[in-house]
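Single-structure report; data block below.
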Amino acid sequence: MQRAGLDDAIEFHGSLFAARYARSGTTCAATAADRDAAVPARLACGEPLRRGVVWFEEAIDPKALYRAINASENAAGVVLVGTRAALAPANSLTSIARRYGAWVVETNTAETAMSDTVDPVLRGRVGDILPRLVDRLRV
């Protein structure tokens, strides 16, 4: 998202372009070479690095979760893009947005856990649907 010019994106599931310590999970200041390596190196402290993403059964960063909830409470609309919408806490954000009056559109090739609760469901490939949806939402 930052590459597209969105400076305030919420990296809910972390970032491939960040690094974390493998054992403690805390973020660290890795060099560009460490971030770009297929297998990140060990730092001088000896602890190996890993990509800065959230894996299954890991907790979402509380700051990212707070920002996502706040954004959901203040959103005019939400577009679900190619997700099964099956895992908490991410799947609760849509319900929060709807509770605060947002419209919700789902784009997916198959039915999801959210399909019965959204405004339109747009079936098909996301790459085909999103350009048309963006054109219709332009103000």
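- Considering all non-hydrogen atoms of both residues, S115 and V121 come closest at O-CG2, 3.6 Å.
- The nearest pair of heavy atoms linking A75 to A102 is O-CB, 3.3 Å.
- The salt bridge (Lys or Arg N to Asp or Glu O under 4.0 Å) search around R123 returns E106, not counting sequence neighbours.
- With contacts defined as side-chain heavy-atom distances shorter than 4.5 Å, the pair S15/V53 does not qualify.
- Taking CG of N74 as the start and CG of N70 as the end, the distance is 5.0 Å to the nearest 0.5 Å.
- Smallest separation of non-hydrogen atoms from A64 and I10: O-CG2, 3.6 Å.
- Listed by first and then second residue, the side-chain hydrogen bond (donor to acceptor under 3.5 Å, both in side chains) pairs involving residues 83-105 are R98-D119 (not counting sequence neighbours).
- A salt bridge links D128 with R125: the closest approach of a Lys/Arg side-chain nitrogen to an acidic carboxylate oxygen falls below 4.0 angstrom.
- Among pairs with a residue in residues 55-67, those fulfilling side-chain hydrogen bond (donor to acceptor under 3.5 Å, both in side chains) read R50-E58, at least two apart in sequence or across chains.
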Exercise. Would V54 and F12 satisfy side-chain contact (heavy atoms from CB on, under 4.5 Å), going step by step from the backbone distance to the final call?
Worked result: CA-CA 8 Å; V54 176; F12 195 75; over 6 Å; no
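- A single hydrophobic cluster is not seen to contain both V79 and V118; linkage of ILVMFWY side chains at heavy-atom distances under 4.5 Å, directly or through other members, places them apart.
- Just one residue in the list V81, D135, L122 forms a side-chain contact (heavy atoms from CB on, under 4.5 Å) with L130, and that residue is V81.
- Distance check, rounded to the nearest 0.5 Å: CG of L80 to OG1 of T112 gives 7.0 Å.
- Checking V104, V105, I96, L93 one by one against V78, the side-chain contact (heavy atoms from CB on, under 4.5 Å) holds for a single residue, V104.
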